[in-house]
Amino acid sequence: MRTMKTTALRSALALGTLLLTVIGCEEKKTTTAPEGSAQGQVAKLSVASYDPTRELYQELNPAFERWYKQTTGKDVDVETDHGPSGKQARDIAAGKETDVAALSVDFDVDTIAKAGLLPATWRERLPNGSVPYTSAVIFLVRKDNPKQVKGWEDLARPEVVSLCPDPKTGGGARWIYLSTWAHAARKAKAEGRTDAEAEAAAREFTAKVYDDAILDPAMRGSSTRFIVQRTGDVLFGWENEILQIAADPATADQFEVVVPSDSITIEVPLAVVDKVAERRGVKEIAEAYVKFHFSDEGQELIAKRFNRPYSEAIATKHADRLKPLTLFRFKDHFTDWPTVMSVHFGQGAELDKMRKK
């Protein structure tokens with residue numbers, strides 16, 4: 001299996017008007033200061049998120065700051081840093097000062113809860129199980145699709161070089177892996193195979209896909225490699241990341257989007273890290289910030305960045321931005337995240353077995 005272990009992989013690609021600009025390492029902070037605020041008089045809110053949300057928070061953070069100023073008369077400065085979801089969770093649990101965790105899988109928020117920094121019932125504190133939006137897995141190919149990639153099965157063709165993030169590194173990459181596995185299992189079941197046969201088919205297919213895939217520590221690294229370094233034939237990953245690339249005027253004529261036959265529904269949670277926010281005196285601001293994600297303004301910004309918003313009304317309004325796709329849920333094919341982590345991503349588990357072949 002071909003993997004990348006150089007420091008170049010820590011670079012990130014800024015989309016929108018800066019699509020072709022490498023914007024620095026994954027730990028770099030995106031800071032937005034309220035206009036006209038005096039130094040030392042502005043409350044600071046620290047947010048940790050995963051890689052493909054850079055552009056979302058470049059818009060959502062200033063919007064929240066304006067709303068908070070208009071609502072309370074007080075200034076706030078929101079700082080967001082980005083990195084693999086699993087690493088963010090581990091760092092917060094180990095003492096990283098973060099007021100809000102906006103991560104790519106609820107298992108990572110549970111890691112923070114197990115460290116005693118927020119209650120185990122955190123899902124109950126916001127609508128939709130604290131999931132303000134979802135995403136899916138789709139493909140990006142080069143103009144005219146020279147390898148004729150049409151769907152999942154093409155990723156297993158030996159002549160097709162595919163790119164995706166490493167499931168060992170972060171939660172976002174694990175969603176992509178599980179979508180690959182579940183697609184093969186669903187296909188086998190539709191053909192009338194037994195549960196055991198479907199599992200074997202899923203194992204065989206996923207191994208073929210990941211055996212030759214080029215893996216990066218995070219989704220943004222895979223995007224950078226595919227676009228800037230022009231490596232590979234197909235990038236498969238999160239819908240919001242891929243559609244932002246395809247929609248950017250600077251590169252829109254270089255790529256095509258391929259929508260596969262089905263995809264897992266990627267559920268993206270966020271939560272206040274209570275103990276940290278309380279200690280830093282920003283608990284009320286942190287609670288307002290996470291609720292802002294579910295407001296009409298927050299949902300509009302979320303949809304603008306090609307995410308699937310929680311609000312049905314706003315999702316309907318932006319339906320033309322997302323192509324029809326057959327979606328299934330995590331719980332339709334897997335038991336729970338602790339079991340998945342053990343079976344697929346633990347030491348010597350399914351992914352490690354694939355890598356040894």
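In this text the structure is predicted, and so the values were computed from the model without any measurement.
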Are the side chain of [X] and the backbone N or O of [Y] linked by a donor-acceptor pair below 3.5 Å?
X: Thr121; Y: Glu124; result: no
X: Ser85; Y: Ser104; result: yes
X: Glu197; Y: Lys189; result: no
X: Ser130; Y: Trp122; result: yes
X: Lys275; Y: Gly116; result: yes
X: Gln299; Y: Ser311; result: yes
X: Arg186; Y: Ala198; result: no
X: Ser295; Y: Gly298; result: yes
X: Thr326; Y: Asp262; result: no
X: Ser342; Y: Pro338; result: no

Hphob cluster co-occupancy, [X] + [Y], side-chain heavy atoms under 4.5 angstrom:
X: Phe306; Y: Ile242; result: yes
X: Leu163; Y: Val137; result: yes
X: Val268; Y: Phe292; result: yes
X: Val273; Y: Val282; result: no
X: Tyr177; Y: Val340; result: yes

Tell me whether [X] is salt-bridged to [Y], with the criterion being a basic N under 4.0 Å from an acidic carboxylate O.
X: Asp212; Y: Arg157; value: no
X: Asp274; Y: Lys283; value: yes
X: Glu191; Y: Lys187; value: yes
X: Glu287; Y: Arg125; value: no
X: Glu350; Y: Arg203; value: yes
X: Arg90; Y: Asp108; value: no

### Task
Would you check, one step at a time, whether the test side-chain contact (heavy atoms from CB on, under 4.5 Å) holds for Leu140 with Val257?
CA-CA 5 Å; Leu140 187 71; Val257 173; 4.1 Å; yes
With a 4.5 Å heavy-atom cut-off, do [X] and [Y] have their side chains touching?
X: Arg123; Y: Pro269; answer: no
X: Val343; Y: Thr335; answer: no
X: Leu351; Y: His344; answer: no
X: Val109; Y: Leu118; answer: yes
X: Ser179; Y: Phe328; answer: yes
X: Glu65; Y: Asp77; answer: yes
X: Lys87; Y: Pro217; answer: no
X: Arg174; Y: Pro167; answer: yes

### Query
So among Phe139, Tyr133, Tyr50, which one has a ring-ring contact (aromatic ring centres under 6.0 Å, His included) with Trp238?
Tyr50
### Query
Would one find more than 12 heavy atoms of other residues, nucleotides or ligands at under 6.0 Å from atom NZ of Lys168?
yes
### Message
A quick test of your reading: do over 12 heavy atoms of other residues, nucleotides or ligands sit less than 6.0 Å from NZ of Lys147?
### Response
yes
### Task
Start with the C-alpha distance between Val209 and His183, add both sets of side-chain angles, then the distance that settles side-chain contact (heavy atoms from CB on, under 4.5 Å), and finish with yes or no.
CA-CA 12 Å; Val209 171; His183 161 77; over 6 Å; no
Rounded distance [0.5 Å steps], [atom1] in [X] versus [atom2] in [Y]:
X: Phe330; Y: Glu267; atom1: CZ; atom2: CD; result: 9.0 Å
X: Met219; Y: Thr169; atom1: CE; atom2: OG1; result: 13.5 Å
X: Arg321; Y: Leu243; atom1: CZ; atom2: CG; result: 8.5 Å
X: Trp67; Y: Glu297; atom1: CH2; atom2: CD; result: 9.5 Å
X: His318; Y: Ile302; atom1: NE2; atom2: CD1; result: 10.5 Å
X: Gln229; Y: Ile214; atom1: CD; atom2: CD1; result: 9.5 Å

What are the two closest non-hydrogen atoms of [X] and [Y], and how far apart are they?
X: Thr98; Y: Ala101; result: CG2-N, 4.5 Å
X: Gly237; Y: Ile176; result: CA-CD1, 3.6 Å
X: Gln88; Y: Asp81; result: NE2-OD1, 2.8 Å
X: Phe205; Y: Glu153; result: CE1-CA, 3.9 Å
X: Ile285; Y: Ala43; result: CD1-CB, 3.5 Å
X: Trp175; Y: Thr265; result: CZ3-O, 3.4 Å

### Task
Please test Glu199 against Trp181 for side-chain contact (heavy atoms from CB on, under 4.5 Å), starting from the C-alpha separation and ending with a verdict.
CA-CA 9 Å; Glu199 182 176 354; Trp181 180 283; 4.0 Å; yes
### Task
Identify which one of Glu300, Glu55, Glu59 satisfies the salt bridge (Lys or Arg N to Asp or Glu O under 4.0 Å) criterion when paired with Arg305.
Glu59
### Query
Can Phe236 and Thr180 be said to form a side-chain contact (heavy atoms from CB on, under 4.5 Å), step by step?
CA-CA 10 Å; Phe236 68 110; Thr180 308; 4.0 Å; yes
